[in-house]
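Chain A is the first sequence line, chain B the second, and so forth, proteins listed ahead of strands; every chain is numbered from 1. Since this is a predicted model, take the numbers as computed values, not measurements.
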Amino acid sequence: MNDRFTHCFKVQDYDLAATLSCGQAFRWQADAEGWQGVVANTWVHLEHKPDGIVARTCEPQTDWQWLADYLQAHIDIGSVLAAFPADPNLQAAVRGHRGLRLLRQPAWECLASFILSSTKQIIQIRQIIESLCEQFGEPVAAPGPASFCAFPSARRLAAATETELRACKMGFRAPYLREAASAVAEGQLNLDQLGQLPYAAARDRLTQLSGVGEKIADCVLLFAYGHADAFPIDVWIARALRQFYFRGRCVPLPRLRTFASERWHGCGGYAQQYLFQYIRHQHGKTARAVRSSH
DNA sequence: CGCCAGGACGATG
DNA sequence: CATCGTCATGGC
């Protein structure tokens, strides 16, 4: 089973489909057997089999630690759940997708992707990023007829004009992306060094970028740096918090933030992702039921 | 077709 | 601290 092109990650309670399609990463696409994507500069195929997640590349690998890190294959979900406070809503969310995981993504791709995410549906974010990778990303070796590109470097995007970026349909986010790319390319923002900072300091640094507020900063701190207490609040999470903990009342965003940081102190990241998945599915079912009743 | 989307920002109560 | 208008685009 294990040669230099394939590797099996032994995992338990790992819902690969939910993890790759839940809106934390945007480039994975399903095929007949599993999922194809590009991690850093390598094309990868992933398939969940009974004995674990089987990964395949088209170039030989000497070790697979980079992919184990990305997939967070070592995480014991039981100990994550054990840190949650007793909470019927959260328990219901976990029951729906117990194997939902947080990935550990490359920082620049994560930051750039979430700069492009503001007030966009996940499907549209995927389209923008795909276009961006086709236009500016380096091709990577992949089997089959389809071509795959790496996520474009900060240097390359900093060299692009705003008009070129807008051609990828990112609209008013173009200058934000360009400014962030320049900051990284010119060394004013060191994304490696950012990983050494504690949560609050790292968030302060990220929110200095225009187009990066607390929500997007929290996404990067959670999905790229693994800060367990980052709690991104988007319209879905805000909806979930109001519905589950405030009887549907119109609670303003700053109050939701303090509520979440106190309630899920130290374990907000995973709690948030379960709630996100839960409220979106629940809302989808409700909308469908309403439509079919008319 | 109108509403809304993994928001941020600046101005104004 | 809270609210509001604006930004660009297109899926549903």
Side-chain angles (χ1 to χ4, degrees), chain A residues 18-28 93 97 100-103 105 109-132 135 162-180 183 203-224 227 230-243 246 249-261 268-292 294:
Chain A
T19 299
L20 298 181
S21 65
C22 71
Q24 55 177 325
F26 301 102
R27 299 199 61 201
W28 291 99
H97 284 279
L100 181 61
R101 303 302 188 100
L102 293 174
L103 299 168
Q105 302 178 54
E109 174 173 350
C110 189
L111 172 59
S113 295
F114 279 96
I115 285 174
L116 299 175
S117 76
S118 66
T119 42
K120 277 292 185 189
Q121 297 180 144
I122 290 174
I123 178 69
Q124 291 184 278
I125 301 167
R126 296 173 58 90
Q127 290 165 0
I128 294 170
I129 291 174
E130 166 148 12
S131 173
L132 192 71
Q135 290 300 312
E162 186 178 325
T163 306
E164 288 177 320
L165 293 178
R166 279 179 184 263
C168 298
K169 308 302 181 185
M170 66 184 70
F172 62 84
R173 304 157 193 84
Y176 296 154
L177 179 61
R178 229 172 83 78
E179 182 187 314
R203 191 177 57 173
D204 287 345
R205 179 66 191 89
L206 284 173
T207 54
Q208 286 173 17
L209 296 166
S210 56
V212 179
E214 295 194 31
K215 189 272 174 182
I216 291 177
D218 273 342
C219 285
V220 176
L221 293 170
L222 185 58
F223 302 140
H227 283 287
F231 194 97
I233 301 180
D234 72 320
V235 291
W236 292 100
I237 291 294
R239 191 174 291 151
L241 295 181
R242 287 169 183 139
Q243 178 179 323
F246 295 92
R249 281 157 38 214
C250 307
V251 183
L253 191 52
R255 197 173 304 178
L256 291 179
R257 290 197 179 109
T258 56
F259 170 80
S261 68
Y270 262 95
Q272 175 273 153
Q273 201 60 27
Y274 282 117
L275 289 173
F276 180 73
Q277 185 84 346
Y278 185 53
I279 193 71
R280 290 185 77 229
H281 283 208
Q282 182 175 298
H283 187 270
K285 288 176 187 174
T286 306
R288 254 176 280 129
V290 169
R291 254 180 277 130
S292 65
H294 284 209

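Remark: C1' of C/dA2 and CD of A/Glu214 are 15 Å apart, rounded to the nearest angstrom. The interatomic distance linking A/Ile122 (CD1) with C/dG10 (C1') rounds to 15 Å, in whole Å. If you take CG of A/Leu165 and P of C/dT9, they are 13 Å apart, rounded to a whole angstrom.
Ion pairing between A/Glu130 and A/Arg27 fails under the 4.0 Å rule for side-chain N and carboxylate O. Between A/Glu214 and A/Arg203, at least one side-chain N (NZ, or NE/NH1/NH2) sits under 4.0 Å from a carboxylate O, which counts as a salt bridge.
Within 4.0 Å (heavy atoms only), A/Phe223 reaches at least one base atom of the nucleic acid. Using a 4.0 Å heavy-atom distance criterion, A/Ile237 is classed as a base contact. At the heavy-atom level, A/Arg257 lies nowhere under 4.0 Å from the strands shown. Across all strands, A/Leu222 comes closer than 4.0 Å to no nucleic acid atom at all (heavy-atom distances). Contacts of A/Gln277 with the nucleic acid, taken as non-hydrogen atoms under 4.0 Å apart, are absent. Residue contacts for A/Gly213: at a heavy-atom cut-off of 4.0 Å it reaches the sugar-phosphate backbone alone, with no base atom in range.
Mapping A/Thr207 and A/Arg239 onto DNA chain B via the closest heavy atom, the residue that lands nearer the 5' end is A/Arg239. Toward the 5′ end of DNA chain B lies the nearest nucleotide of A/Phe276, the other residue of the pair A/Phe276 and A/Tyr176 mapping further downstream.
Annotation for A/Arg101 and A/Thr19: closest pair N-OG1, 3.1 Å, computed over non-hydrogen atoms. Residue A/Ser118 comes nearest to A/Phe172 through the heavy atom pair OG-CE1, 4.0 Å, listed as atom of the first residue, atom of the second, then distance.
Here chain A contacts DNA chain B (any atom closer than 4.0 Å to a heavy atom, that is under 4.0 Å), and the contacts span B/dA5 to B/dC9 from 5' to 3'.
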Readout for nucleotides 3-8 of chain C: B = base within 4.0 Å of protein heavy atom, S = sugar-phosphate only, - = neither; 5' to 3' it is S---BB

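In terms of modelled atom types and a separation under 3.5 Å, the side chain of A/Thr207 and the main chain of A/Val212 share no donor-acceptor contact. Side-chain N or O atoms of A/Arg249 include none that pairs as donor or acceptor with a backbone N or O of A/Arg242 at under 3.5 Å. In this structure, the side chain of A/Arg126 engages the main chain of A/Trp28 through a donor-acceptor pair within 3.5 Å.
Taking 4.0 angstrom as the limit, A/Gln124 places none of its side-chain polar atoms (N or O) nearer than this to OP1 or OP2 of C/dC12.
Taking the six-membered ring where the residue is Trp, the centroids of A/Tyr270 and A/Phe231 are separated by 6.0 Å or more.
Between A/Leu209 and A/Ile216 there is no side-chain heavy-atom pair separated by less than 4.5 Å.
Distance check on atom C1': B/dG6 versus C/dT3 gives 22 Å, rounded to whole Å.
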